[in-house]
There are 2 protein chains.
Amino acid sequence: MITKINVYFCRVNSLAEENYLKAMFSLSNDKGEVNVNDLSKRLEIKMPTVTSMMKRLATKKLVHYESYKPLKLTDKGKKEAALIIRKHRLTEMFLVEKMGFGWEQVHEIAEQIEHIQSPELFAKMDELLGFPKLDPHGSPIPDKNGTMVWVAYNKLSECKAGDTVKLSAVINTSAEFLKFLNSRELSLGLKVKIKSVEPFDNTMVVSYGKRLSETLSHTVCERLLVEKV
Amino acid sequence: MITKINVYFCRVNSLAEENYLKAMFSLSNDKGEVNVNDLSKRLEIKMPTVTSMMKRLATKKLVHYESYKPLKLTDKGKKEAALIIRKHRLTEMFLVEKMGFGWEQVHEIAEQIEHIQSPELFAKMDELLGFPKLDPHGSPIPDKNGTMVWVAYNKLSECKAGDTVKLSAVINTSAEFLKFLNSRELSLGLKVKIKSVEPFDNTMVVSYGKRLSETLSHTVCERLLVEKV
DNA sequence: TATTTTTGTTAGTCTAATCTAACTTAATAT
DNA sequence: ATATTAAGTTAGATTAGACTAACAAAAATA
Ligand SMILES: [Mn+2]
Ligand SMILES: [Mn+2]
Ligand SMILES: [Mn+2]
Ligand SMILES: [Mn+2]
């Protein structure tokens, strides 16, 4: 009688499971809680499916699940989610810095490559990039232990007329928004001076580079993170 | 009454389907035929599963299927298979040439990346590599239409004492074999002179580079493809 | 507080992709 | 030619991951 023994202790998660973990991580509020409904909307997956996946992830010790209570990632779940985000952001950085893609082109590709199982591949990207701390959209890249250091930026929309700030990150990373920023020559690292703020609709008139008077809607200013200089 | 219409005509194949297509392509003989049994062994998937997948691929017009007859890819199936192989080999080339991996490290990674859906990614690899015709193991990279040009190499084992040949490709691309070649400083493009062939076991004594007398087993010589010079 | 709306769960269905057991057809050996 | 073995198929089970319909709990509103 031969008994087959599974020697692969570190069973990896499926693509679907990884996408749930990542979505939970990024939707978590300060309490680390997520609602079934929010997850359902984010993933475009119906609520009953989310519930059943949460039960599965709970048996894998990745999620704390109790009926009708908000969902929480366990420490293990948080770490695994952060490591997927690490792969996502390293990939985006690699695509931009080493392959010449625009920052508006890389998210969709990274959404797939983040699921590749190859520590060597991502270690090599990291090395070739010189161990970057931020991705092309200014978001922090978690380290190998899944630790993510958040820098406390301000929204441009919360700054006042007369302030001079440095563009440091974007909140929305949709291709449309990034293409809009490209069209205005707005990129990370840029110094921007706020000339005036329209009190009625919070539209801002700003100057930067060769552009001495550009008007940015509140919607845009809310999605730009800056540092005071 | 609103009717939902599927506008995505070019439904992509699943990862499983792609792996079957690729395996069929590479197992096909000169007649373009494969047996269920061979496919089953190659993919490490039981025969009934293979049969049912063949029926699915037949409904998708990728495979000609008739009970108890050998399997054949349709022209469409051949093209799709070749385009996956194109992605695989472009990836291997990129990993070796642009990221500094060894030729023995890249197959496993390419096995995953070949399934990424992003024409832009592979077009960029192709461009950065200067539109290569061969992968790091000397195998031809199919073009964008799925056309693959085979060069007729000889096996080193079929050459005679006194011949001088150029190492052009490897048949076996297992990491073990490639590491063995590394250990003997054998790489593609190398000029090798055959000093003698042992009649008993077909072992060859060869010289190349700074190595004036290396002994290669028949097993090794059978897996090395060469051009006469 | 009572009603309505929103959120979440349960139960049951479906497809993809795998398996085993049993059977059939084809190939090989005696 | 017959018996045996190998190859291939059918039938039925299983799991992951999705869905809808119906119901239950919680939150919001009147
Ligand atoms: Mn992204
Ligand atoms: Mn993803
Ligand atoms: Mn390969
Ligand atoms: Mn593959």
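The figures that follow rest on heavy atoms only: side chains count, while hydrogens, waters and symmetry mates do not. Model, not experiment: these values are computed from the prediction. Here is the naming used below: chain letters follow the sequence lines, and residue numbers restart at 1 for every chain.
Projected onto DNA chain D by closest heavy-atom contact, B:K55 and B:K41 fall at different nucleotides, the more 5' of which corresponds to B:K41. Where B:N37 and A:A16 each meet DNA chain D at their nearest nucleotide, the meeting point lying more 5' is that of B:N37.
As a whole-Å value, the separation of B:L39 CG from D:dG8 P is 10 Å. Between the P atom of D:dT10 and the CE atom of B:M54 lies a distance of 14 Å, rounded to the nearest Å. Put simply, NZ on B:K69 is 11 Å from P on C:dA27, counting in whole angstrom units. Distance B:L57 CG to C:dA16 C1': 12 Å, rounded to the nearest Å. Atom pair B:Y20:OH and C:dA16:P shows a separation of 13 Å (rounding to whole Å applied). The nearest whole Å value for the distance from the CG atom in A:N35 to the C1' atom in C:dG8 is 10 Å. If you measure from atom CE of B:M53 to atom P of D:dT10, you get 17 Å, rounded to the nearest angstrom. Between B:E33 atom CD and D:dA7 atom C1' there is a gap of 15 Å when expressed in whole angstrom units.
Residues satisfying the side chain to side chain donor-acceptor pair (under 3.5 Å) test with B:D143, not counting sequence neighbours, are none.
A:K78 has a carboxylate O that lies under 4.0 Å from a charged side-chain N of A:D75, or vice versa, which qualifies the two as a salt bridge.
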Should A:T203 and A:D201 be marked as a side chain to side chain donor-acceptor pair (under 3.5 Å) after you check the CA-CA gap, both sets of side-chain angles, and the distance that decides it? CA-CA 5 Å; A:T203 291; A:D201 62 359; 3.0 Å; yes
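Between B:S14 and C:dA16 there is no side-chain N or O to OP1 or OP2 distance below 4.0 Å.
Looking only at side-chain heavy atoms (C-beta outward), A:L216 and A:L156 come within less than 4.5 Å of each other. No side-chain heavy atom of A:L57 sits less than 4.5 Å from a side-chain heavy atom of A:N13.
A donor and an acceptor atom, one from each side chain of A:N172 and A:S174, are located under 3.5 Å apart. Between A:H115 and A:N19, the side chains place a donor N or O and an acceptor N or O closer than 3.5 Å (distance only, hydrogens not considered).
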Polar-atom pairs under 3.5 Å, protein N or O versus N or O of nucleotides 19-25 of chain D: list them with distances, or write none.
unit_1: D:dC19; atom_1: OP2; unit_2: A:K46; atom_2: N; d: 2.9
unit_1: D:dC19; atom_1: OP2; unit_2: A:T49; atom_2: OG1; d: 3.0

